[in-house]
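Order of the sequence lines sets the chain letters (A, B, ...), proteins ahead of strands, with each chain counted from 1.
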Protein chains: 2
Amino acid sequence: MSDNARPISAADTRTLAAVSVETGSRQERKQRTRQALQDAALELLAERGFGSLSLREVTKKAGIVPTAFYRHFASMDELGVALVEEAMRTLRRMIREARSDPRTSTHMIRASVATLYEHVRAYEDHFRFLTRERYGGTGAVQRAIATELKLFASELAVDLARFENLREWSTDDLHMMAELIVTSMMATAVELIEARPRDQETDERITGTAVKRLRLIVFGASHWRSES
Amino acid sequence: MSDNARPISAADTRTLAAVSVETGSRQERKQRTRQALQDAALELLAERGFGSLSLREVTKKAGIVPTAFYRHFASMDELGVALVEEAMRTLRRMIREARSDPRTSTHMIRASVATLYEHVRAYEDHFRFLTRERYGGTGAVQRAIATELKLFASELAVDLARFENLREWSTDDLHMMAELIVTSMMATAVELIEARPRDQETDERITGTAVKRLRLIVFGASHWRSES
DNA sequence: CTGGTGAGTGTACAACTGTGCACTCAATCG
DNA sequence: CGATTGAGTGCACAGTTGTACACTCACCAG
């Protein structure tokens, strides 16, 4: 493209690692660079897929030399799995919060969407990563997300089983409904992240649609008649 | 260009292009190589994301030299957009078929899922590409898919407006429902493509869940009460 | 028949890729 | 305390990347 001498900024974009004052025990510092690698990757993943992410880029942004990467992960795939775990921890924290005050279904939906909204805005990188790589990913990363998300849906199914309208539902049907809800929430997350322009009005339109969508699903559930 | 000991098979994996007998007019042959490029990309995309796809790989598989790529596309992004259009043509053909015999909602759902199933199996590459890059993609490709899919949902919303139960729905709500249906169908497509093991039983389980899911949405719609 | 057009070729190059190897030197252990 | 460990360094290498440039030569219009 341009005729600049430097192709890519050298090391001025480092995240943590060596730049941070060298304090703490050996283990602590190792843990910190490991986190720096994950942070760097997560940041780079804002505009590109995990598949098109190079080891060198990540280490450069993290502020370490390429070969030092292997002190923390055996491969990029392993980094990816670590990212899945980190992001899923965020997701689980979110559902725990949403679960903390059980009310009537209508208010609960609104409260849940509000909780989702706040978590998406607070942890955009995590949600972007999960939604991007859920289908777009490859190999270990995609598999890890699929597994975790299925587990996540199972937990939700257990919660759903406590509602009166759903008392007579089969486990399979509860699972189906839980997965539909999870997929809907992931779609909402994508819409929030990809939203343009980014103003209050747009956000309210998206969350409003999300509420309607969930309400539609719940209404469907209330009037469900299981048959062949 | 003789007995070079190259690491990767030279040109034995080519798709069409130069390998096909050189017949037809100039335009026809150009069109054929263009298609060969798209086919090659689509095939490579079975196991990797579009972002991590190199121009050289594609041209190698298509059976032409790298620099010849630019005779057909100005960039990889342009190839990507062409792929979106090709895949969307398949999607539209599918919905036209599903729309051809309108029946009662229950039977229509079953028929629609059957149509989806057949098209997914017949054009796996197209569906895999769309579902992968819908969220996982970047830049022009993701935008193109989002636009096309939104258009697609709009068409579906018009169809939905014809149903009696939905006569009084607002345009926005119909849109919301249509998008929910589209997302559900895309999820079904992913499940079918990613299905392991690949036997009749698994396929039936997936399509069965798809039917239930859609039925749940439609039931919800029937009992919907629009309010604040 | 003749000249121009343009799809495809071959060579070249600088940038970037993953990873092997030998190293430093501070934190930790016995 | 001295010995060991292991996170991070620097260099090296071969392979791949996008694309610039000059080219061939079958085709089609005149």
Side-chain angles (χ1 to χ4, degrees), chain A residues 1-11 14-37 40-41 44 48 50-80, chain B residues 1-11 14-37 40-41 44 48 50-80:
Chain A
M1 310 279 185
S2 61
D3 52 338
N4 57 346
R6 298 189 312 163
I8 296 179
S9 58
R14 43 170 74 170
T15 311
L16 270 176
V19 102
S20 65
V21 205
E22 299 187 4
T23 59
S25 75
R26 210 169 166 121
Q27 278 189 27
E28 282 171 344
R29 285 201 282 160
K30 171 161 187 180
Q31 179 56 35
R32 217 182 303 144
T33 23
R34 189 187 155 100
Q35 189 60 48
L37 284 168
L44 287 167
R48 296 154 61 256
F50 184 80
S52 68
L53 197 58
S54 81
L55 181 149
R56 285 181 109 105
E57 274 181 303
V58 177
T59 54
K60 188 186 294 180
K61 187 148 217 164
I64 61 170
V65 102
T67 47
F69 177 89
Y70 297 104
R71 299 282 181 196
H72 304 274
F73 303 100
S75 64
M76 281 293 280
D77 254 26
E78 217 168 84
L79 206 210
Chain B
M1 51 139 98
S2 49
D3 55 341
N4 54 351
R6 293 227 252 141
I8 297 179
S9 58
R14 43 170 75 170
T15 312
L16 269 177
V19 101
S20 65
V21 205
E22 300 186 4
T23 58
S25 75
R26 213 170 166 119
Q27 279 189 25
E28 283 171 343
R29 284 200 283 162
K30 172 163 186 179
Q31 178 56 37
R32 218 182 301 145
T33 9
R34 189 185 155 100
Q35 188 61 47
L37 284 168
L44 287 167
R48 296 151 67 256
F50 185 80
S52 69
L53 197 59
S54 80
L55 182 151
R56 284 180 109 104
E57 275 180 304
V58 176
T59 54
K60 188 186 294 182
K61 188 146 216 163
I64 61 172
V65 101
T67 47
F69 177 89
Y70 297 103
R71 299 283 179 195
H72 304 274
F73 303 100
S75 63
M76 281 293 278
D77 255 25
E78 216 167 85
L79 205 210

Can any side-chain N or O of [X] pair as donor or acceptor with the backbone N or O of [Y] at less than 3.5 Å?
X: E78(A); Y: A74(A); value: yes
X: K30(B); Y: S25(B); value: no
X: E57(B); Y: S54(B); value: yes

(request) Find the distance I64(A):CD1 to dG10(D):P and express it as a whole number of Å. (result)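 Going from I64(A) (CD1) to dG10(D) (P), I get 13 Å.
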(request) Please state how far atom NZ in K30(A) lies from atom C1' in dT5(D), giving the value in whole angstrom units. (result)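 Spelled out: NZ on K30(A) to C1' on dT5(D) is 11 Å.
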(message) Once you apply a heavy-atom cut-off of 4.0 Å, does E57(B) come out as touching a base, just sugar-phosphate, or nothing?
(response)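 Since only primed, P, OP1 and OP2 atoms lie under 4.0 Å of E57(B), the category is sugar-phosphate.
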(request) Go through dC27(D), dA27(C), dT19(D) for me and flag the one nearest to the L55(B) side chain. (result)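 The answer is dT19(D), which lies nearest to the side chain.
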(request) Choose from dG10(C), dA7(C), dG18(C) the nucleotide whose nearest atom is closest to any side-chain atom of T33(B). (result)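 My answer, after comparing the listed nucleotides, is dA7(C).
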(request) Could you tell me which non-hydrogen atom of P66(A) sits nearest to which non-hydrogen atom of T59(A), and how far apart they are? (result)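 Taking every non-hydrogen atom into account, CA-OG1, 3.5 Å.
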(message) Near DNA chain D, counting only heavy atoms under 4.0 Å, which residues of residues 66-76 of chain A show up?
(response)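 Only T67(A), A68(A), R71(A), H72(A) qualify.
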Would you list the protein and nucleotides 28-30 of chain C atom pairs, both N or O, that sit under 3.5 Å from each other?
| unit_1 | atom_1 | unit_2 | atom_2 | d |
| --- | --- | --- | --- | --- |
| dT28(C) | OP1 | R26(A) | N | 2.7 |

(request) Kindly indicate whether the side chain of M76(A), heavy atoms from C-beta on, has any atom under 4.5 Å from the side chain of V58(A). (result)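 They are in contact (side-chain heavy atoms under 4.5 Å apart), so the answer is yes.
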(request) Report yes if at least one side-chain N or O of R29(B) is closer than 4.0 Å to OP1 or OP2 of dC27(D); otherwise report no. (result)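 Result: yes.
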(message) Please report the interatomic distance CG(L53(A)) to CG(L79(A)), rounded to the nearest 0.5 Å.
(response)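 If I round to the nearest 0.5 Å, the distance is 8.0 Å.
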